[in-house]
Amino acid sequence: MLDIRWMRENRTALAEAMRKLNDADAPWEQALDLDEQRRSLLTRVETLRAERNTGSKEIGRLFQEKRADEANALKARMAEIGDEINALDVELRSVEERFLAAMLRIPNPPEDDVPVAPDESGNVVVKESGQKPRFDFDPLPHWDLGERLGIIDLERGARLSGSRFYVLKGGAAQLQRALANWFLDVHVEEHGFQEVYPPFMVREECMVGTGNLPKFGDVLYRDAEEDYWFIPTAEVPVTNLHRDEIIEAGALPLYYVAHTPCFRREKVSAGKDVRGIKRVHQFEKVEMVKFVEPQHGRDELESLTRSAEVLVERLGLPWRRVAIATGDLSFVACKKYDIEVWAAGSQEWLEVSSCSWFRDFQARRANIRYRKEDGSIEHVHTLNGSGLALPRIVIAILENYQQADGSIVVPEVLRPYMGGRTRID
RNA sequence: GGAGGGAUGGCCGAGUGGACGAAGGCGGUUGUCUUGAAAACAACUGUGGCAGUGAUGUCACCGGGGGUUCGAAUCCCUCUCCCUCCGCCA
């Protein structure tokens with residue numbers, strides 16, 4: 001959510017930002033309009049309230065002084081004012097409701113250094129590292145490898161739960177578990193994150209806080225009877241950890257890391273990415289979340305992204321960093337990098353991490369503030385990034401480390417996490 | 001799932017319709033005293049909206065929402081959460 005005062009005073013900048021985001025539906029003009037109505041109603045209703053407050057006190061005094069006639073006369077007048085207040089209140093509530101609804105659907109304006117383009121075609125590869133593997137045989141995609149080795153069972157996954165579900169077995173399951181543990185250890189021991197284990201189902205207000213609702217409810221699973229929403233990423237519960245809090249300045253920055261399942265309906269593009277485990281309804285992810293002071297937001301995005309990149313580097317996977325263009329930026333981010341790894345079998349770059357800076361956009365929605373040294377209170381900045389998404393790293397390892405005999409070599413950093421195992425076969 | 005009891009400011013805790021944004025205590029900040037600290041004493045010490053350049057004024061907030069009333073922390077309804085006992089369960 002944006003600061004309405006900023007919006008009032010920066011109409012042109014706001015319009016320009018919405019144009020860059022290529023979001024024609026953002027109801028920012030309605031919001032400004034409703035804001036004006038809201039303030040005018042507020043002034044009127046509050047003047048009447050002030051009048052009633054003094055009148056009511058007067059009534060109390062008159063009764064104490066046994067001047068019942070005067071008191072009753074005043075009471076009648078106050079009743080009239082009360083009716084007026086009630087009428088205005090109804091109007092005010094409706095305006096405020098519509099105002100908030102509009103505010104919640106206005107995206108975060110991009111930073112100035114975000115590449116400007118209407119869609120993902122404007123994304124810029126800003127860094128590329130590592131060698132794509134060479135093979136003296138035709139490398140297979142992971143769905144073939146997984147089937148041959150008996151470690152990815154798509155058929156039974158579908159039998160249990162339908163399309164876009166899968167079962168990992170043996171080496172693949174172990175590999176995924178090893179990855180999660182190693183990721184967590186690196187973030188905790190080397191990058192200063194605190195590990196947390198959050199709920200996987202949250203209330204609606206948490207989804208609003210991170211910006212998943214109201215606009216993107218169609219990709220979320222939810223309990224039909226109760227107010228439980230299944231998290232599409234650990235970002236949701238972890239960011240909401242400090243909802244409605246004022247954090248003491250000395251406590252910042254706060255770095256959290258969590259390993260959770262992620263549930264996504266993935267309703268879009270029925271025919272796309274159907275093979276294998278690249279795009280599925282349930283997957284594991286290690287997610288980093290940061291709460292920082294505003295002046296450090298920009299630098300924190302760089303260090304956050306590095307914290308993810310070192311993982312793919314140490315796994316020996318070819319990777320690149322992509323700066324996301326304005327038209328491809330998510331609703332909540334003001335700047336975002338994706339990290340992609342090369343998958344030699346399916347011959348494509350896989351997005352394994354998204355690192356985003358939100359400025360105070362989420363903090364306003366979730367009401368997360370901090371008390372500065374001078375005692376004043378401000379919203380924090382939040383950031384998050386995958387570190388990393390698991391099935392896709394599993395894909396990349398299977399495809400890049402495959403051998404002529406069909407076996408998979410386990411990357412060296414993971415061997416201690418797999419009981420010294422060097423091969424999956 | 002059943003029965004009962006709760007939710008008040010950073011913390012503890014008083015307050016059952018009228019001067020209550022809320023006693024008192026703790027904590028915190030500042031000042032006096034002191035070489036310094038402690039103690040003592042004094043003052044200050046919640047968040048947000050709106051109007052105003054500002055001093056300031058005003059409104060709202062006593063778990064959330066709604067209602068009764070001239071007036072609600074206080075009465076009514078409802079939701080959420082916490083505690084105790086029973087049941088069930090890993």
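Chain letters run A, B, ... following the sequence lines, proteins first and then strands; every chain starts at 1.
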### Query
NA contact type, A:Asn72, heavy-atom cut-off 4.0 Å: base, sugar-phosphate, or nothing?
nothing
### Task
Would you classify A:Glu58 as touching base, sugar-phosphate or nothing, given that sugar-phosphate means primed atoms plus P, OP1 and OP2, and contacts are heavy atoms under 4.0 Å?
nothing
### Base partner of B:C85, which must satisfy Watson-Crick or wobble distances under 3.5 Å
B:G2
### Query
Of all residues at least two apart in sequence or in a different chain, which pass the side chain to side chain donor-acceptor pair (under 3.5 Å) check with A:Thr233?
A:Lys285
### Task
Map A:Ile246 and A:Phe63 onto RNA chain B by nearest heavy atom, then report which one ends up closer to the 5' terminus.
A:Phe63
### Task
Please state the C1' separation for the pair B:G46 and B:U29 - nearest whole angstrom.
15 Å
#### Entry: Nucleotide forming a Watson-Crick or wobble pair with B:U47, both distances under 3.5 Å
B:A60
### Query
Taking atom P in both B:A19 and B:A3, what distance in whole Å separates the two?
39 Å
Can you list, pair by pair, the side-chain donor-acceptor contacts under 3.5 Å of residues 40-50 of chain A, counting residues two or more places apart and other chains?
from	atom 1	to	atom 2	distance (Å)
A:Thr43	OG1	A:Arg39	O	2.7
A:Thr47	OG1	A:Thr43	O	2.6
A:Arg49	NH2	A:Asp89	OD2	3.0

### Task
Please determine, for the side chain of A:Arg369, which listed nucleotide (B:U47, B:U80, B:C59) has the closest atom?
B:U47
### Query
Taking the side chain of A:Leu42 as its heavy atoms from C-beta onward, which of B:A19, B:G49, B:G67 lies nearest to it?
B:G49
### Message
Rounded to whole Å, please give me the gap between CG in A:Asp35 and C1' in B:G49.
### Response
11 Å
### Task
Using the P atom as the reference point in each nucleotide, state the distance between B:G13 and B:U8 in Å, no decimals.
9 Å
## Note on the structure
Separation of B:U47 atom P from A:Ile377 atom CD1, nearest Å, is 4 Å
### C1' spacing across the pair B:C76 / B:C85, given as an integer number of angstrom
29 Å
### Query
Can you check whether A:Phe263's main-chain N or O pairs, donor with acceptor, with A:Gln282's side chain at less than 3.5 Å?
no
### Task
Whole angstrom is fine here: how far is it from CZ in A:Arg243 over to C1' in B:U80?
14 Å
### Nearest-Å distance once atom P is located in both B:G52 and B:G67
30 Å
### Summary
On RNA chain B, more 5' by nearest nucleotide between A:Gly60 and A:Glu378 is A:Gly60
Kindly list each side-chain donor-acceptor pair under 3.5 angstrom involving residues 94-105 of chain A, sequence neighbours excluded, with atom names and distances?
from	atom 1	to	atom 2	distance (Å)
A:Ser94	OG	A:Arg98	NH2	3.1
A:Arg98	NE	A:Ser94	O	3.4

### Query
What's the closest nucleotide to the A:Ala50 side chain, out of B:A19, B:G49, B:C59?
B:C59
### Query
Who pairs with A:Ser376 by side chain to side chain donor-acceptor pair (under 3.5 Å), at least two apart in sequence or on another chain?
A:Asp374
### Message
For a quick test of reading the model: is some side-chain N or O of A:Arg61 closer than 4.0 Å to OP1 or OP2 of B:A19?
### Response
no
### Task
Using only heavy-atom distances, decide whether a donor-acceptor pair under 3.5 angstrom links the side-chain of A:Glu46 to the base of B:G49.
yes
### Query
Considering Watson-Crick and G-U wobble pairs with both distances under 3.5 Å, what does B:U34 pair with?
none
### Message
Angle between ring planes, A:Phe193 versus A:His191, binned at 30° and 60°: parallel, tilted or perpendicular?
### Response
perpendicular
### Query
Separation of A:Leu41 atom CG from B:A51 atom P, in whole Å?
13 Å
### Task
Remember a base hit wins even if backbone is also touched, and classify A:Arg371 as base, sugar-phosphate or nothing at under 4.0 Å, heavy atoms.
sugar-phosphate
### Message
Please report the distance, rounded to the nearest Å, between CG in A:Leu48 and C1' in B:A51.
### Response
16 Å
### Task
Using side chain to side chain contact (heavy atoms under 4.5 Å, CB included) as the criterion, point out the one residue from A:Glu235, A:Met1, A:His379 that pairs with A:Gln362.
A:Glu235
### Query
Counting only Watson-Crick or G-U wobble pairs whose two distances fall under 3.5 Å, which nucleotide matches B:U68?
none
### Query
salt bridge (charged side-chain N to carboxylate O under 4.0 Å, His left out) with A:Asp113: which residues, sequence neighbours excluded?
A:Arg298, A:Lys335
### Paired nucleotide for B:U80 [Watson-Crick or G-U wobble; both distances under 3.5 Å]
B:A7
### Message
So, OP1 or OP2 of B:U69: does either fall under 4.0 Å of a side-chain N or O from A:Arg52?
### Response
no
### Task
Test A:Glu378 against every option in A:Arg369, A:Lys372, A:Arg371, A:Arg364 by the salt bridge (Lys or Arg N to Asp or Glu O under 4.0 Å) rule and name the one that passes.
A:Lys372
### Task
Over 60° means perpendicular and under 30° means parallel, so classify the ring planes of A:His281 and A:Tyr221, tilted if in between.
perpendicular
### Message
Using OP1 and OP2 only, check whether a side-chain N or O of A:Asn53 sits under 4.0 Å from B:C59.
### Response
yes
### Task
Please tell me which of the listed nucleotides, B:C59, B:G49, B:A51, lies nearest to the side chain of A:Arg38?
B:G49
### Query
What is the distance from CD of A:Glu248 to C1' of B:G27, rounded to the nearest Å?
13 Å
### Query
Please give, in whole Å, the distance from B:U53 P to A:Glu9 CD?
12 Å
### Query
Within the structure shown, what part of the strands sits under 4.0 Å from A:Arg364 by heavy-atom distance: base, sugar-phosphate, or nothing?
nothing
### Task
Ignoring the backbone of A:Arg5, work out which of B:A19, B:C50, B:U58 is nearest its side chain.
B:C50
### Task
List in numerical order all residues of residues 73-88 of chain A for which some heavy atom is under 4.0 Å away from an atom belonging to RNA chain B.
A:Lys75, A:Met78, A:Ala79
### Message
Between B:A60 and B:A72, how many Å separate the two C1' atoms, rounded to a whole number?
### Response
14 Å
### Query
Given atom CD1 of A:Ile59 and atom C1' of B:G17, what is their separation to the nearest angstrom?
13 Å
### Message
Taking B:G65 as the reference, what is the distance to B:G54 when you measure between their P atoms (whole Å, please)?
### Response
30 Å
### Task
Quote, to the nearest angstrom, the P distance that separates B:G25 from B:G63.
23 Å
